[in-house]
Amino acid sequence: LFLIYINDLSSSVNHSKTFLFADDTKCLRPIICRHDCILLQSDLDALSLWSTDWKLKFNETKCFKLSFFSHTSSDRRDFQSDYLINCLSISPCNQQKDLGILISSDLSWSHHISTITSRAYKILCLLRRTFASSNNVTTKKKLYISLVRSQLTYGSQVWRPLLQKDIIPIEHI
């Protein structure tokens, strides 16, 4: 029922793209000039108006601005703007988790990889302590595959590591 209720949310936005997944909404627009900032703010205002009309408020504390740009594009930083939703400023951030994958503004996957390898090591250590006396290799293998390897492979099609500094920690586990 919720999905039917928010089905027309995307139609309120005229200049940007919106992506909806369950109760998450993403609004994005390439910013090439100052006018693009104004168009994005216009769409955020339209989203705010939609939420007021339908009495379904956005949680402003969970709204973030994540900007992507390469290290060589210093001129694009001139177009950085403060954006508002429901008259409150949207907080800028350098990285944000989306569907379990940590995305950073420089599109580096190193922080995501260190996060998942840390989580996988914790689970692996717990399994070693709990099943240290067990000699059943089949059970250990099933536990490893379901609890540890699943941490390392979730979403790997998106964040596939290319650098040795990211590959080595995964291979060690």
Side-chain angles (χ1 to χ4, degrees), residues 1-120 151-170:
L1 290 176
F2 177 76
L3 295 177
I4 294 169
Y5 192 69
I6 67 164
N7 194 33
D8 68 331
L9 176 75
S10 296
S11 63
S12 66
V13 174
N14 296 319
H15 310 289
S16 304
K17 291 187 186 236
T18 56
F19 296 97
L20 304 172
F21 182 80
D23 65 342
D24 287 341
T25 304
K26 289 164 202 58
C27 181
L28 62 98
R29 176 169 182 76
I31 305 296
I32 298 170
C33 64
R34 180 68 62 191
H35 182 67
D36 291 330
C37 297
I38 295 167
L39 292 176
L40 180 57
Q41 183 58 56
S42 169
D43 287 336
L44 292 172
D45 293 339
L47 288 172
S48 294
L49 181 63
W50 179 93
S51 74
T52 302
D53 289 346
W54 287 100
K55 296 179 181 21
L56 189 64
K57 298 282 277 180
F58 286 104
N59 186 349
E60 295 87 2
T61 61
K62 291 184 177 181
C63 293
F64 298 98
K65 176 181 85 168
L66 183 60
S67 301
F68 301 103
F69 33 173
S70 67
H71 296 291
T72 59
S73 63
S74 60
D75 56 332
R76 291 196 181 176
R77 295 180 194 263
D78 296 338
F79 299 121
Q80 291 299 304
S81 178
D82 290 329
Y83 298 102
L84 304 172
I85 191 157
N86 295 333
C87 299
L88 294 173
S89 181
I90 298 175
S91 304
C93 66
N94 291 327
Q95 57 193 12
Q96 185 64 34
K97 189 176 272 193
D98 186 27
L99 300 176
I101 298 174
L102 195 59
I103 301 172
S104 64
S105 60
D106 63 355
L107 294 176
S108 165
W109 300 108
S110 296
H111 191 62
H112 173 73
I113 290 170
S114 68
T115 301
I116 63 167
T117 54
S118 173
R119 192 179 323 133
Q151 296 291 319
L152 300 174
T153 58
Y154 174 76
S156 60
Q157 297 84 352
V158 174
W159 57 263
R160 193 185 120 222
L162 297 172
L163 304 174
Q164 284 297 327
K165 70 179 183 99
D166 293 334
I167 295 171
I168 291 171
I170 294 171

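Please read these numbers as outputs of a predicted model, since none were measured by experiment.
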Check for a donor-acceptor pair, side chain of [X] on one end and backbone N or O of [Y] on the other, with a separation under 3.5 Å.
X	Y	value
T52	S48	yes
S118	T115	no
D106	S108	yes
S51	K57	no
D36	C33	yes
D166	P161	no

Check: [Y] and [X] side chains under 4.5 Å, non-hydrogen atoms:
X	Y	value
W109	V158	yes
I116	Y154	no
L56	I6	yes

For the student: nearest non-hydrogen atoms of [X] and [Y], plus distance:
X	Y	value
L40	C27	CD1-SG, 3.9 Å
D82	Q41	O-OE1, 4.2 Å
I85	I90	CG2-CG1, 3.8 Å
L152	A120	CD2-CB, 3.8 Å
F68	S104	CE2-O, 3.5 Å
L28	S16	O-CB, 3.2 Å

Please assess W159 against L102 for the test side chain to side chain contact (heavy atoms under 4.5 Å, CB included), listing each intermediate value before the final yes or no. CA-CA 9 Å; W159 57 263; L102 195 59; over 6 Å; no

With sequence neighbours excluded, residues passing salt bridge (Lys or Arg N to Asp or Glu O under 4.0 Å) with K26: D98

How long is the straight-line distance from [atom2] of [Y] back to [atom1] of [X], given to the nearest 0.5 Å?
X	Y	atom1	atom2	value
I167	R160	CD1	CZ	8.0 Å
S12	L47	OG	CG	4.5 Å
S105	K65	OG	NZ	11.0 Å
D23	L3	CG	CG	9.5 Å
S11	L9	OG	CG	7.5 Å
I168	T117	CD1	OG1	12.5 Å

Please evaluate residues L20 and S10 with respect to the criterion side chain to side chain contact (heavy atoms under 4.5 Å, CB included), reporting the C-alpha separation (whole Å), side-chain torsions for both, the decisive distance (0.1 Å), and the verdict. CA-CA 8 Å; L20 304 172; S10 296; 3.8 Å; yes

Examine the side chains of W50 and D8 and answer whether a donor and an acceptor come within less than 3.5 Å of each other. yes

Does a sphere of radius 6.0 Å around CZ in F21 hold more than 12 heavy atoms from other residues, nucleotides or ligands, not counting ones at 6.0 Å or beyond? no

